[in-house]
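Beneath this line is the structure, given in structure tokens, with notes to follow.
Below, read A as the first sequence line, B as the second, and so on, with proteins coming before strands; counting in each chain starts at 1. What you see is a predicted model; the values in this text were computed from it and never measured.
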Amino acid sequence: MPELPEVETVRAGLARWVAGRTIAEVEVRHPRAIRRHLPGSAHFAALLTGRKILDVKRRGKYLWLPLDSGDAILGHLGMSGQLLCQPASAPDELHLRVRLRFTDGDPELRFVDQRTFGGLAVSEGGADLPAEIAHIARDPMDPEFSDAGFAAAIRAKRTEVKRALLDQTLISGVGNIYADEALWRAQLHGVRPTSALTKPAAARLLGHVRDVLSEALDSGGTSFDALYVNVNGESGYFDRSLNVYGREGEPCRRCGTPIRREAFMNRSSYYCPHCQPRPRVRTGSRSRTNVP
DNA sequence: CCTCATTCCTGCGGGC
DNA sequence: TGCCCGCAGGAATGAG
């Protein structure tokens, strides 16, 4: 599942392979892949044809490719999206959704996405920062990310710490896998109330988030089910280093206690029940949050 | 304004 | 063997 490290791996690959090249032809194979581009596929193609890609940028899990027109191609990989640079002679992938051909020939750029949670759009005038993602927070690898601002914002939230890590308007780039990994390192249970975090605790948590993301980036990103591959079609391998995610029943690498999985927001959370104890039930009038 | 549940999608694997 | 169901999950959306 592409989170910040995987998307950054794709960004770097794209920057190498498509920056500076001029788009010759656009083929939209599945309308859902450009559903965020409301005017439709003909308009999408018209805005791209003949335009030069200047660069490849990223904020959190979003990518955008500034064009010489001042517009940008805005993309999100969703769960299963891939941006592949392939020779035109390579057979079409089963889930090929969009193809861009260039004036200088190979390689072409293919957006391939099995589950179609991802997609592409043209952000008009979005070369600098697409308006569509202006509400997304900077990510923790961004030099302008404010650590103090993050600590203040998370403490002001009236929610649980894992939900906050997944809130892209608070901190971007973190998904379910790295949220669980960071919480394990920080020895915090995901249901702890954010308002009870001290400033130092918030700073420590942020440090663990950064560590997890940068280590994963060094490894080329996580690939869990081979759906994610980087721009050249090569899987990442950070999954070897995961401490809790997907390890239900296996011993905690810190204390040996079996890792637990529990339902969370239509997905799963993995944690060590010994290292990451649930918070004590809050006193007062609110309902209990504990389960046996 | 803030928080939260719901919804989109497809392939795979387990259970019967 | 084959069918059904649950699961994987980011983020827009609308409800409250």
Side-chain angles (χ1 to χ4, degrees), chain A residues 1-8 10 29-38 58-64 74-83 93-98 111-121 123 130-139 152-183 190-196 209 213 216 221-229 235-236 239 242 244-249 260-270 282 286-287 289:
Chain A
M1 328 301 172
E3 300 182 28
L4 187 153
E6 292 80 13
V7 179
E8 173 56 23
V10 171
R29 305 273 304 245
H30 194 303
R32 187 171 155 79
I34 59 151
R35 67 192 180 285
R36 302 282 171 209
H37 190 86
L38 301 178
R58 181 189 57 74
R59 175 175 287 192
K61 304 171 202 171
Y62 279 95
L63 289 167
W64 75 97
L74 177 62
H76 197 291
L77 300 177
M79 291 184 54
S80 54
Q82 305 168 42
L83 283 162
E93 291 77 8
L94 177 61
H95 302 294
L96 175 64
R97 309 304 189 189
V98 179
F111 179 67
V112 177
D113 190 7
Q114 177 202 109
R115 292 177 221 175
T116 67
F117 274 41
L120 303 178
S123 173
E132 294 87 344
I133 61 167
H135 65 290
I136 298 292
R138 291 183 187 275
D139 64 63
I154 195 170
R155 295 176 72 232
K157 287 277 181 188
R158 289 295 175 270
T159 189
E160 297 167 354
V161 65
K162 181 166 175 180
R163 302 179 99 98
L165 289 180
L166 297 176
D167 181 349
Q168 304 295 301
T169 67
L170 189 61
I171 179 171
S172 68
V174 181
N176 200 41
I177 295 175
Y178 297 127
D180 279 1
E181 292 298 312
L183 288 167
V191 305
R192 301 234 336 202
T194 51
S195 57
V209 169
L213 294 179
T222 297
S223 175
F224 225 73
D225 56 6
L227 274 174
Y228 166 76
V229 291
S235 292
D239 54 297
L242 296 179
V244 280
Y245 187 86
R247 296 191 65 242
E248 182 181 20
R260 238 176 243 178
R261 177 174 76 95
E262 63 186 39
F264 168 79
M265 287 171 75
N266 290 330
R267 60 205 72 178
S268 295
S269 286
Y270 296 88
R282 283 175 293 184
R286 303 302 295 176
S287 62
T289 55

Expressed as a whole number of angstroms, how long is the span from A:D113:CG to C:dG10:P?
13 Å
For A:E3, check side chain to side chain donor-acceptor pair (under 3.5 Å) against everything at least two apart and list the hits.
none
Would you say A:H135 places a side-chain N or O within less than 4.0 Å of OP1 or OP2 belonging to C:dA12?
yes
Please list, chain by chain and in numerical order, all residues satisfying ring pair (Phe, Tyr, Trp, His ring centres under 6.0 Å) with A:H37, sequence neighbours excluded.
A:H43, A:F44
Are any protein N/O atoms closer than 3.5 Å to N/O atoms in nucleotides 11-15 of chain B? If there are, list each pair with its distance.
| from | atom 1 | to | atom 2 | distance (Å) |
| --- | --- | --- | --- | --- |
| B:dG11 | OP1 | A:H95 | NE2 | 3.3 |
| B:dG11 | O4' | A:Q114 | OE1 | 3.3 |

With A:R29, which residues qualify under side chain to side chain contact (heavy atoms under 4.5 Å, CB included), at least two apart?
A:E27, A:D92, A:L96, A:R99
Using atom names, set out every protein N or O paired with an N or O of nucleotides 14-16 of chain C below 3.5 Å, distance rounded to 0.1 Å.
none

Residues which pass side chain to side chain contact (heavy atoms under 4.5 Å, CB included) with A:R36, listed by chain and number, not counting sequence neighbours:
A:A121
A:S268: partners by side chain to side chain contact (heavy atoms under 4.5 Å, CB included), with sequence neighbours left out:
A:R261, A:Y270
Given C:dA11, is OP1 or OP2 found less than 4.0 Å from the side-chain N or O atoms of A:H76?
yes
Measure from CG on A:N176 to C1' on C:dC7 and round the result to the nearest Å.
12 Å
With heavy atoms under 4.0 Å as the rule, sort A:N266 into base, sugar-phosphate or nothing.
base
Under 4.0 Å between any heavy atoms, over every strand shown, what does A:H30 touch: base, sugar-phosphate, or nothing? Just pick one.
nothing
How bent is the helix from B:dC2-C:dG16 to B:dC16-C:dG2, measuring the angle between the end axes built from five pairs each, rounded to 10°?
50°
Do A:V191 and A:K162 have side chains that get closer than 4.5 Å, going by heavy atoms?
no
Whole-Å gap separating C1' (C:dT13) and CD (A:E132)
17 Å
Checking A:Q168 against A:K61 for the side-chain contact (heavy atoms from CB on, under 4.5 Å) test, could you report, in this order, the C-alpha distance in whole Å, the side-chain angles of both residues, the deciding distance, and whether it holds?
CA-CA 9 Å; A:Q168 304 295 301; A:K61 304 171 202 171; 3.7 Å; yes
Any side-chain heavy-atom pair of A:H30 and A:D113 under 4.5 Å:
no
A:R261 side chain near C:dC7 phosphate (N/O to OP1/OP2, under 4.0 Å)
no
Under the side chain to side chain donor-acceptor pair (under 3.5 Å) rule, collect the residues that match up with A:E132, sequence neighbours excluded.
A:S123
Which residues pass the side chain to side chain contact (heavy atoms under 4.5 Å, CB included) test with A:A33, sequence neighbours left out?
A:R97, A:V98, A:F111
Looking at side-chain heavy atoms only, is the closest gap between A:S195 and A:R158 below 4.5 Å?
yes
Quick one: is A:S80 getting a side-chain N or O under 4.0 Å of the B:dT10 phosphate, OP1 or OP2?
no
Is there side-chain contact between A:D180 and A:F264, with heavy atoms separated by less than 4.5 Å?
no
Over how many whole Å does the gap from A:Q82 atom CD to B:dT10 atom C1' extend?
14 Å
Using side-chain heavy atoms (C-beta onward) and a distance below 4.5 Å, is A:L4 in contact with A:R58?
yes
With sugar-phosphate meaning primed atoms plus P, OP1 and OP2, does A:Y62 contact a base, only sugar-phosphate, or nothing at under 4.0 Å between heavy atoms?
sugar-phosphate
Distances for protein N or O near nucleotides 2-4 of chain B N or O, under 3.5 Å:
| from | atom 1 | to | atom 2 | distance (Å) |
| --- | --- | --- | --- | --- |
| B:dT3 | OP1 | A:R158 | N | 2.7 |
| B:dT3 | OP2 | A:K157 | NZ | 3.2 |
| B:dC4 | OP2 | A:T159 | OG1 | 2.9 |

List the residues meeting ring pair (Phe, Tyr, Trp, His ring centres under 6.0 Å) with A:Y62, not counting sequence neighbours, and say none if there are none.
A:H76
Of the listed C:dA12, B:dC9, C:dA8, the closest approach to the A:S268 side chain comes from C:dA8
Side chain of A:R267: nearest nucleotide among C:dT13, C:dA11, B:dC9?
C:dA11
